[in-house]
Every structure is written in structure tokens, then in C-alpha cells.
Number of protein chains: 2
Amino acid sequence: MSLKTLEKSLQVLEFFTSEKPKWKLRELARELEINHSIVYRILSTFERSGYIYQNKDSKEYELGLKFLEFSRIMDDNLKITELLEPIMSELTNQSEESVVFTILDDFYGLYFKITESHQNVRFAESIGRRSPLYIGASHRTILAFLPVEVQEEVYQMGKESGHPATSDHQSFFDKLQVIRDQGWLFSSGETFPDVSAVSVPIFDSQHRVIASLSIAGPSYRLTESAATEKIDLLFESKYKVQRFSSKLSFPVKRPEMLATESH
Amino acid sequence: MSLKTLEKSLQVLEFFTSEKPKWKLRELARELEINHSIVYRILSTFERSGYIYQNKDSKEYELGLKFLEFSRIMDDNLKITELLEPIMSELTNQSEESVVFTILDDFYGLYFKITESHQNVRFAESIGRRSPLYIGASHRTILAFLPVEVQEEVYQMGKESGHPATSDHQSFFDKLQVIRDQGWLFSSGETFPDVSAVSVPIFDSQHRVIASLSIAGPSYRLTESAATEKIDLLFESKYKVQRFSSKLSFPVKRPEMLATESH
DNA sequence: ATTTAGTGGTTCTTAAATAGAACCGTTGTT
DNA sequence: AACAACGGTTCTATTTAAGAACCACTAAAT
């Protein structure tokens, strides 16, 4: 069905995170609970192709330049960004806040494109950041329009990680219902402290949710009432995006349930 | 020695370029001259982990969001950029032109960081672009300080690709000598038409070349004499970079000769 | 209508690659 | 001087992948 060697190798890459970007060989092997010679072969193969870089003094391994290269190729390829850019820039100008486009990626949301207000905190460095769907307006707005089984799964993920948003099952699902009813969501300080955002879902031509569009800003300025005033602008942009999104394909990975226990 | 399955899988990824970012399964298999079921297994394994995205309508494969994610992790990790940033920004302000930091990556140079002059053409989108060392001031400046065997190899690469810079062996190597003698290089329109640049090499603590630092701008403004006037500024920045580079490790991949025929 | 050639995806058995224990030589500690 | 830990290497039993043949499907050509 799939290539086990490749699969395992890619799992190894997942351990190179922002929190732990550098690994010594045996340290990583212990963490993975596999023989260090296997890890060695994987890392050195990656290294030969530039996906992994090894500091020859400290012997530590880290991510290689290949990812920079491929990320540029992606940008070139995604004409989406060209079409998104003017719409988002306009919304930034009108709303005087930063605008964030979050894309659905399995059980996660990924900050795909950000246009920054000049009077704002720096968000742009978050591009490419992936976090679970239970957290933040931009993410929960997407979750609200996914199948209930996925919502349950995501809720469980949050529960297991101990995240406060998933402390009460009833209120979590009630809030998702609110998003579906009013078509948007405002939230404060969920993803970043002192940052608030208001989000709307983006659908493809088959009315499946694929992303969300958000206005984000510092909580002291972007209060709930300030955000509410900007909702009309946000909806205008949403429709503009949806108009062209029907013609383009976003690299969206829809979540798949491995096993459905109920009938 | 190395994992053949992984190696082959990574070779498949290399075919997703800016020029040809989307492939149909059998089309790619033909190009690779391997059985399509092998390519299928590779691509679908990559897809399950987000490295490859398949458009479910057109069935075409392209690069996945994983590369965006890893590229962000790299940025977080590379404190280099934090240290490089102020030096490069200052040089941009002083020189009133864009500044480019090019890193050595095997037989190639890769645009690693760019600070843009406000009065300038857009370079930033080139970050992550990798091109052979025979082309352009930023690249040839690095090449000049690499072993002569590597220079010969690179010259051959250029020859085979028919690039004009490598039409005459003697003059190619003479120019490299000039770079070593004067410590910098000016060139016009080599990488981008109507763009000129002046470059200096960056060495690590063991005096091995690892990168180059360049001032780049439109040829009508950054003439050879204009560039010459900025060389002092460029050298100042070069030394600032080298002062901290001794303490940090750049993810530089040094070229390795597979076989040296001559003694 | 029917053949033909193409597509993405799947299956099976032979043939090839990998796993992982045991092993280097080196380095730093006790 | 003994010990432990390191990155890296080697060898063969065991696992995995290769790739021809095969689907079901689509589009074009007859």
C-alpha cells in the first residue's frame, strides 16, 4: 500500500520542530525508539540530498536548505497567492488591520498567507505555522463546517492535550453551532495572547469548507464591537475569494476518518 | 550505505520545479523511466504525509503544504537570519540598493536572505532560488575560493548547459583569479537582465568560503563606477558578518568531488 | 457501436533492500 | 585504566519493494 521506508523516514523529519530543531543521532534514536543505525541511514540519506544538514563540529542534525528551495517553488506554483494578494491587501487597507488566510490541512489549520497592517504586530513570520483546529477563530471557523465525526476527533485531540477550549463538550459544540448560524466568529487571545480575530469560512465550488479569512489585531484595538463593524468588509472579501476559488485548486488536505465506530 | 528507497523517492521530488510544478502519474513515470506503479507508491506515500498534494479532479500531483511548514521551522531555527538582518538592513540603507546573501550549497549558490531597497526591483521572491556557481557575481565570487577541481567541475556543468560565461576556459579562470586578487567582483545582467551586482566572499573561522554578500540594483543606476564607490561599505558589512559567523553554523553544503582523476 | 489506447490504481511473487545486533575507533569521565 | 557514550560501519536473516499483469474507467478513432 505504501512505502514503509519512506514513511518511516518522513516520520523522522517530523521531529525537527521549532521547539527542538537540532538533534544528536542517538538522542533522536532514543526518542524514536528505534536502532540508531537506522536513524543514521535515514539522516545521512537526507543529508546527501540537502533535506538535512549536519554540523560537522557538533555532529548535530537539523533541517536543510532544500526546504527553502521547495517552499519557493510552491510559491511560484501557487498562482492562488497572486489572486489572493490584491483581495487581502484591499481588506487590510479598508480594515486597517492584518488579514490572515488559513487553509485546511487534515485535522489542522495552516497560516497560508498574511497581509500586514502597518500599524500592527508582526504576523507574517507565522506563515506555514500549523495548529490543531480546536484553537482560535480562524481554525474553529473551519472546523464548524466539517463533518461531526471530524469535530469529535478534533475535540478529543484538544481534550488529550488539555487545552482549555475543550474543557466542556456541550459548550464546544454549542460554539460551533453559533458559527454556523451567524457565519462568522470573533475570539480573543486564543492563539496569541492579546490578539483578537474575526473569521469567516471559505467554501469551494462544491460548498465544502477549505479555508478561512480573518481580520486580526491587538485586543485593545480590535474589540468585539470594533470587529463587528468590520464584518461587512470581511464578507465582501470572502465572496471575492470564493468567486475565483471555484476556478483554482487549493492544496487542501481534507481530514479523513480512519474508522467510524457508529453505523 | 544509504537508503535506496528514500533516495529514489527524493529524486522524484526533484522533478517538481517552478518550470514544471504539476505532473500526471504516468507522465512523470515516463520522464523518470521507471514503472508507474513505483511512482504511484512514492507519490501516495508523500501525499499521506503532506509533502505532495494531489488534485482529486485533474489527478495531477504537486508539492504539498509540508514544505511551507518546514520552511517556517527553518526560519525559526536559523538565528543566523536574526544576526544577518540588522547588518544587511544597515547596508541597504547606506548603499540605497538591495543586499543579497548567497549561501554555498554543493555546486550551487542559493539566495538565502535579501533586504530590499524601497527604490528597487523585487528580489525577495527569489529567496530559496538555487543556481549553478558559474553564473553571476554572487555565485562566481564563491566559486573563486573553492578548490580548483570544483571550479573545473562547475566549468564543465556550464559548458554542457551551453552557458555563455563558460565559452572560454582561459578567460573563465582568469576572471576567478581577478576575484581572488581584488577580493570582489562586479557583474552585469548575468542572472537577471538589467540587474548588476557587486559581491564579496564570506569566510568561516577556518577561512573556508561559505557564502557571499552582494549589493544589487538596476544596471542603469548601479553602474560599475557606482558599485565601486560602495565597495568600502560592502567590506565593512562583510567583516561584521564574519565576526559572528565564526560562532554560528551556516547550513552550508560543501561540494564534494566524487572522483578525482588527477593526483 | 466497437475497437484501441490511454489513464490512475491494485495485486502478486520474485528479487532486492532493510533491520538491527554486534562491532569499530574515538572522546570524555570517573 | 576502566567505563560509558558517541557517530559511524558491517553482516545476514527477515522484510520490503519492484514491476509485470491486471482492473475499471475514459476518450478518441474506427
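Per chain, numbering begins at 1; letters A, B, ... match sequence-line order. Please read all numbers here as calculations on a predicted model, not as lab measurements.
- Taken from CD1 in B:I73 to CG in B:L68, the straight-line distance is 11.0 Å, to the nearest 0.5 Å.
- Inter-axis angle, ends of the helix from C:dA1-D:dT30 to C:dT30-D:dA1, five pairs per end, rounded to 10 degrees: 20°.
- Comparing B:T5 and A:K24 by the nucleotide of DNA chain D that holds the closest heavy atom to each, the one mapping nearer the 5' end is A:K24.
- Extent of DNA chain C lying under 4.0 Å from chain A heavy atoms, first and last nucleotide in 5' to 3' order, is C:dT18 to C:dA21.
- The side chain to side chain contact (heavy atoms under 4.5 Å, CB included) with B:L110 is formed by just one residue from the set B:L104, B:I127, B:T102, B:D105; it is B:D105.
- Side-chain contact of A:S71 with B:R72: a donor-acceptor pair under 3.5 Å is absent, judged by distance alone.
- Donor-acceptor pairing under 3.5 Å is lacking for the side chains of B:Y53 and B:E62.
- As a whole-Å value, the separation of A:E27 CD from D:dA4 C1' is 17 Å.
- Taking the six-membered ring wherever Trp is involved, the centroid distance between the rings of B:Y111 and B:H139 falls below 6.0 Å.
- Here the CZ-OG distance, from A:F101 to A:S214, works out to 9.5 Å after rounding to the nearest 0.5 Å.
- We find that CD1 of B:I34 is positioned 12 Å from P of D:dA20, with the value rounded to whole Å.
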Show me the protein contacts with nucleotides 8-11 of chain D, counting only N or O atoms at under 3.5 Å.
unit_1	atom_1	unit_2	atom_2	d
D:dG8	OP2	A:Y61	OH	2.5
D:dG8	N7	A:H36	NE2	3.4
D:dG8	O6	A:H36	NE2	2.7
D:dT9	OP2	A:Y40	OH	2.6

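- For the salt bridge (Lys or Arg N to Asp or Glu O under 4.0 Å) test, no residue two or more places apart in sequence or in another chain qualifies with B:R129.
- Counting non-hydrogen atoms under 4.0 angstrom, A:L3 reaches the backbone sugars and phosphates but no base.
- Between B:I38 and A:W23, the residue whose closest nucleotide on DNA chain D is further toward the 5' end is A:W23.
- Per the geometry, CG belonging to A:L43 stands 15 Å off P belonging to D:dC6, to the nearest Å.
- Every residue two or more places apart in sequence or in another chain was checked for a side chain to side chain donor-acceptor pair (under 3.5 Å) with A:Q206, and none qualifies.
- In this structure a side-chain-to-backbone donor-acceptor pair under 3.5 Å is missing from A:K56 to A:S58.
- Between the side chain of B:S9 and the backbone N or O of A:L6 there is no donor-acceptor pair closer than 3.5 Å.
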Could you list the donor-acceptor pairs under 3.5 angstrom formed between side-chain atoms of residues 33-41 of chain B and any protein atom two or more places apart in sequence or on another chain?
unit_1	atom_1	unit_2	atom_2	d
B:N35	OD1	B:S37	N	2.8
B:N35	OD1	B:S37	OG	2.4

